[in-house]
Protein chains: 2
Amino acid sequence: MNKIDQTPWTADLVAADLERAIHEHRIPPGTKLGEDDLAEAYAISRTIVRAALLALSHRHLVELRRNRGAFVAQPSVREAREVFEARALLEPRTAHSAALRMTPQALAVLEENIAQEHAALDAGETGKALFLSGQFHVEIARIADQTTIETFISELISRSSLIIALYWRRRAALCETQAHHALLEAFATADASLAEQLMKSHLLDLVASLDLRNLTQPPTSLREALQR
Amino acid sequence: MNKIDQTPWTADLVAADLERAIHEHRIPPGTKLGEDDLAEAYAISRTIVRAALLALSHRHLVELRRNRGAFVAQPSVREAREVFEARALLEPRTAHSAALRMTPQALAVLEENIAQEHAALDAGETGKALFLSGQFHVEIARIADQTTIETFISELISRSSLIIALYWRRRAALCETQAHHALLEAFATADASLAEQLMKSHLLDLVASLDLRNLTQPPTSLREALQR
DNA sequence: CATAACACTATTGTATACATTTTTGTCGAA
DNA sequence: TTCGACAAAAATGTATACAATAGTGTTATG
């Protein structure tokens with residue numbers, strides 16, 4: 001896990017690096033993130049590591065337990081529902097705004113994103129594909145020119161990745177590309193209402209593909225022990 | 001500013017304490033939050049102070065400038081608009097949900113909140129009144145039983161307080177109590193649609209009471225120097 | 001043999017020392 | 001006098017030492 005580089009790792013960079021690793025399912029939920037381990041991996045002191053972990057905990061991607069350490073978060077069924085309810089509140093209207101503000105450049109960015117996602121899937125890099133499909137949603141918020149909402153959506157997307165890791169029904173790869181293609185069509189024709197509706201459906205499909213019955217709860221302590 | 005107590009200040013407590021002080025306009029936007037000053041005020045080391053400042057920066061209440069220090073945030077006109085657009089997306093639907101879940105206990109909490117707000121206004125404690133009126137909105141999200149959205153709204157409320165400090169038109173105190181009373185009525189009768197509509201209007205009124213013309217921009221560096 | 005008390009180990013929590021950077025103040029030259 | 005360079009001071013950035021705590025293993029005792 002040694003990072004070979006000469007860049008000075010700042011806390012933000014470490015947090016971003018870890019967030020991407022979590023988002024891509026390279027680090028599974030419940031994994032303990034020991035301070036010394038991380039400090040050695042990035043060749044920095046624990047001070048920076050702690051700042052990075054603090055940032056991730058504020059985004060609900062890492063759970064800090066006093067005198068216990070940092071663990072990749074394991075969203076509960078309840079939390080999973082809440083995350084997608086929040087997304088349902090934010091994303092459709094944001095897609096609407098994005099459609100109204102769409103430009104050829106922005107459209108190209110979205111197309112490129114889908115292309116990369118396809119490439120990743122073909123290469124069998126499901127983690128990277130998952131990350132890119134999340135970026136598609138963040139990109140829409142960026143196109144809508146809503147930095148504040150983009151921040152919220154970005155966090156919700158990352159948390160969604162944890163939820164997918166825990167509650168995804170099938171073992172097969174996520175095929176969100178179809179829904180994204182449909183959205184792209186709506187954006188290309190600047191059909192805001194359609195984009196809003198498609199986003200709403202897309203999110204509903206996502207939730208429907210999860211197994212959010214409370215049967216498997218709680219995965220808190222026992223599961224954590226098994227997973228590390 | 002010396003805090004006389006025997007409680008062990010944790011980073012979270014310090015952050016909460018500072019957030020309330022900012023929310024109540026006891027610390028104006030642009031104020032420099034020196035690490036040594038805070039460490040002395042709370043009788044803790046800079047380590048804890050930095051963790052607290054980091055938390056506040058993640059909530060966009062404090063701006064951290066590398067090698068420069070921490071400053072109470074000064075939301076731009078653009079950011080101000082974004083914050084209220086985000087609130088417009090989240091709060092009406094949340095009020096709707098809250099109305100459906102309303103209980104006598106929850107209603108009593110809201111009533112008590114308004115009563116305290118009145119008392120604060122009568123006592124001339126406009127800062128405390130402002131804080132309480134913000135808490136009213138957070139309480140609604142709590143009643144809606146949406147922890148995730150509550151976190152977002154809580155942040156947006158605190159940022160709104162900074163926006164009010166910078167862009168409020170009149171010097172007179174905010175009289176949000178009327179709108180809150182109307183909302184209480186809707187909640188009491190469990191009229192979800194009405195509550196949603198009232199919340200939407202309330203937020204529009206709030207934005208309308210701000211002076212968000214771009215004329216006074218940018219207040220970044222010069223203003224900051226004058227204010228500290 | 002089971003259990004409880006104890007000590008040990010590993011890890012996190014906090015404070016502080018040192019390095020780096022920015023800011024400020026002073027001196028000198030144009 | 002004004003401007004610039006340099007030096008001193010103050011603040012933040014980072015690393016590390018030490019303290020405190022939870023987890024683990026051992027041992028003694030019933």
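If you're wondering where the values come from, they're calculated on a predicted model, not measured in any experiment. Each chain gets a letter, A, B and so on, in the order its sequence line appears, and its residues count up from 1.
- In this structure, His180(A) and Phe136(A) have parallel ring planes: the angle between them is below the 30° cut-off, well short of the 60° mark.
- When every heavy atom of Arg46(A) is checked against every heavy atom of Asp36(A), the shortest pair comes out as CD-OD1, 3.3 Å.
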The test is side-chain hydrogen bond (donor to acceptor under 3.5 Å, both in side chains); show your working for Arg87(A) and His137(A) and say whether it passes. CA-CA 10 Å; Arg87(A) 291 185 62 177; His137(A) 289 251; 3.3 Å; yes

The contact string for nucleotides 9-22 of chain C, one letter per nucleotide 5' to 3', using protein heavy atoms under 4.0 Å with B, S and - for base, sugar-phosphate only and none, comes out as --SBBBBB----SS

Check against side chain to side chain contact (heavy atoms under 4.5 Å, CB included), Val49(B) and Tyr42(B) = CA-CA 9 Å; Val49(B) 171; Tyr42(B) 290 99; 5.6 Å; no

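- In this entry the distance linking CZ of Phe71(A) with P of dA22(D) reads 13 Å, nearest Å.
- Per the geometry, CG belonging to Leu64(B) stands 12 Å off P belonging to dT14(D), to the nearest Å.
- Atom CZ of Arg142(A) has more than 12 neighbouring heavy atoms from other residues, nucleotides or ligands inside a 6.0 Å radius.
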